[in-house]
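Beneath this line is the structure, given in structure tokens, with notes to follow.
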Amino acid sequence: MPDELFDTWTAAVEREGERFGVVAQELDAGRTPAVGGLQTAAPSLTDWTARDLVSHLGVVHRWVLGILRAGTTQPPRSPREIATPDEDLHGWYAQGLIELVATLRTTDPGTPAWHMSPAAAQTAASWARRQAHEHTVHRHDLEAAASLAHTPVDPVLAGDGVDELLTVVLPRWQHTAPLATGRARVGVVATDLSRSWTVEVADGAVRCTAGPAADPDAEVSGTATQLLLHLWGRPGEVAVRGDRSAEALLRGR
């Protein structure tokens, strides 16, 4: 893996994570269009509040840190074992982000690291990639909760997020409904990148290849950013042609 790709992901974790932290503090202080502080609902996440988002990412920081520092492909402890503080949530979040970014920057991308998807390389690089896109999507969630305009996402980074979802995230869930019993060929087209994917779901397996789909059951197209949001179950301005139930199989969780 090229070092610059690992560095791009790590920089995205830092950039998106810092923006998330700023928005959380501004929302908590009543300096955003939305009112309600951290109890404000996160529109795209059922029953989640802004506080839940901050707590979630703070837990993820510490869970991933444990995985990276272990340097092994053995399963880590459950993130449910990591407690969130009753006070100074912002400081706790910020410290976790600082330590995560510092650890990514000082860890060789090829260092062994457990990953929950059977399609992922079991290395530190997979976690730099996962955290880049997790922070990007949750930053978008928090901006939506605060009723703020969304900070643009670099199209190439968004395209990589789409690729990760289709090639790494979906196979993680291939043994569960609806993927386990689904059967479909779906095309995905990033209109601003001239990039496309073919996803085939059959017999409890998910297979994704680069390139346009031949005779697909459905096709979803849009800019890379809008595809990233849509495929993660957020509102996205995309066009869907064909069988919508087939296209709906392509959702991250």
Side-chain angles (χ1 to χ4, degrees), residues 7-65 79-80 82-105 127-158 160-161 165 192 222-238 252-253:
D7 292 343
T8 295
W9 290 329
T10 301
V13 176
E14 182 175 40
R15 180 179 64 252
E16 298 290 347
E18 288 181 350
R19 171 62 179 165
F20 181 99
V22 168
V23 173
Q25 292 185 55
E26 293 291 298
L27 178 60
D28 198 19
R31 294 194 291 266
T32 64
V35 295
L38 293 183
Q39 296 309 311
T40 303
S44 300
L45 300 168
T46 304
D47 298 330
W48 276 45
T49 65
R51 178 177 291 277
D52 292 327
L53 275 168
V54 179
S55 297
H56 168 70
L57 275 187
V59 166
V60 168
H61 292 158
R62 288 154 178 83
W63 186 59
V64 175
L65 272 170
R80 294 184 180 88
I82 302 172
T84 58
D86 294 326
E87 298 181 358
D88 193 21
L89 185 65
H90 300 299
W92 177 79
Y93 168 86
Q95 186 61 39
L97 178 65
I98 289 169
E99 292 186 24
L100 176 60
V101 171
T103 300
L104 285 171
R105 284 184 171 153
W127 281 107
R129 189 185 199 192
R130 176 82 292 276
Q131 288 310 293
H133 303 310
E134 178 155 19
H135 281 74
T136 298
V137 172
H138 284 323
R139 183 265 297 163
H140 188 280
D141 290 333
L142 192 61
E143 287 175 339
S147 298
L148 293 171
H150 295 301
T151 305
V153 181
D154 176 73
V156 174
L157 181 67
D160 182 71
L165 189 150
D192 55 339
T223 65
T225 296
Q226 296 304 311
L227 283 173
L228 179 65
L229 296 173
H230 173 74
L231 293 172
W232 275 108
R234 276 67 171 176
E237 297 178 5
V238 300
R253 309 182 193 180

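If you're wondering where the values come from, they're calculated on a predicted model, not measured in any experiment. Just so you know, residue 1 is the first one in the sequence shown, and it goes up from there.
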Seminar exercise, completed: Interatomic distance, CG@Leu231 vs CD@Gln226, rounded to 0.5 Å, equals 11.0 Å
Problem set entry | Within 6.0 Å of CD in Glu237, more than 12 heavy atoms from elsewhere | no
For this session: Compare all side-chain heavy atoms of Leu148 with those of Leu142 and state whether any distance is below 4.5 angstrom.
Result: no
Exercise. So do Leu104 and Trp9 actually touch side chain to side chain, heavy atoms under 4.5 Å?
Worked result: no
For this session: Would you please classify the geometry between the His56 ring and the His138 ring as parallel, tilted or perpendicular, with 30° and 60° separating the classes?
Result: perpendicular
Problem set entry | Derivation and outcome, side chain to side chain contact (heavy atoms under 4.5 Å, CB included), residues Gln131 and Val60 | CA-CA 9 Å; Gln131 288 310 293; Val60 168; 3.2 Å; yes
Exercise. What distance separates Leu228 CG from Thr136 OG1, expressed to the nearest 0.5 Å?
Worked result: 7.0 Å
For this session: Give every residue pair that meets the salt bridge (Lys or Arg N to Asp or Glu O under 4.0 Å) criterion with at least one member in residues 84-104, sequence neighbours excluded.
Result: Arg69-Glu99
Problem set entry | Which atom of Ser147 lies closest to which atom of Ala34, heavy atoms considered | OG-CB, 3.8 Å
Exercise. To the nearest 0.5 Å, how far apart are NE2 in His140 and CZ in Arg19?
Worked result: 11.5 Å
Exercise. Where does the angle between the aromatic ring planes of His135 and His61 fall among parallel (under 30°), tilted (30 to 60°) and perpendicular (over 60°)?
Worked result: parallel
For this session: Hey, could you give me the OG1/CD distance between Thr32 and Gln25, rounded to the nearest 0.5 Å?
Result: 12.5 Å
Exercise. Distance-only, no hydrogens or angles: does the Arg51 side chain make a donor-acceptor pair with backbone N or O of Thr49 under 3.5 Å?
Worked result: no
Exercise. Looking only at heavy atoms, what is the nearest atom pair of Thr10 and Ala128, with distance?
Worked result: OG1-CB, 4.2 Å
For this session: Specify the closest pair of heavy atoms between Asp192 and Pro155, including all atoms of both residues, with the distance to one decimal.
Result: OD2-CB, 3.6 Å
Problem set entry | Closest non-hydrogen atom pair, Gly17 against Leu97 | C-CD2, 3.4 Å
Problem set entry | Pair Asp52-Ser55, side-chain hydrogen bond (donor to acceptor under 3.5 Å, both in side chains): steps then yes or no | CA-CA 5 Å; Asp52 292 327; Ser55 297; 5.6 Å; no
For this session: Quick one: which residue pairs count as a salt bridge (Lys or Arg N to Asp or Glu O under 4.0 Å) with a foot in residues 127-140, not counting sequence neighbours?
Result: Glu16-Arg139, Arg129-Asp160, Arg129-Asp163, Arg130-Glu134, Arg130-Glu164, Arg139-Glu143
Exercise. Should Arg15 and Leu157 count as side-chain neighbours, where that means a heavy-atom distance under 4.5 Å?
Worked result: yes
Exercise. Atom OG1 of Thr103 and atom CG of Leu65: how far apart are they, to the nearest 0.5 Å?
Worked result: 4.5 Å
Exercise. Is atom CZ of Arg31 surrounded by more than 12 heavy atoms (other residues, nucleotides or ligands) closer than 6.0 Å?
Worked result: yes
For this session: Begin from the C-alpha positions of Val54 and Trp92 and carry the test side chain to side chain contact (heavy atoms under 4.5 Å, CB included) through to its verdict.
Result: CA-CA 10 Å; Val54 179; Trp92 177 79; 5.6 Å; no
Seminar exercise, completed: Heavy-atom closest pair (Ser44 atom, Asp141 atom, distance to 0.1 Å) is CB-OD1, 4.1 Å
Exercise. Do the side chain of Thr40 and the main chain of Val35 share a donor and acceptor less than 3.5 angstrom apart?
Worked result: yes
For this session: Could you tell me which non-hydrogen atom of Pro235 sits nearest to which non-hydrogen atom of Leu229, and how far apart they are?
Result: O-CB, 3.8 Å
For this session: For the residue pair His90 and Leu38, establish whether any side-chain heavy-atom pair is separated by less than 4.5 Å.
Result: yes
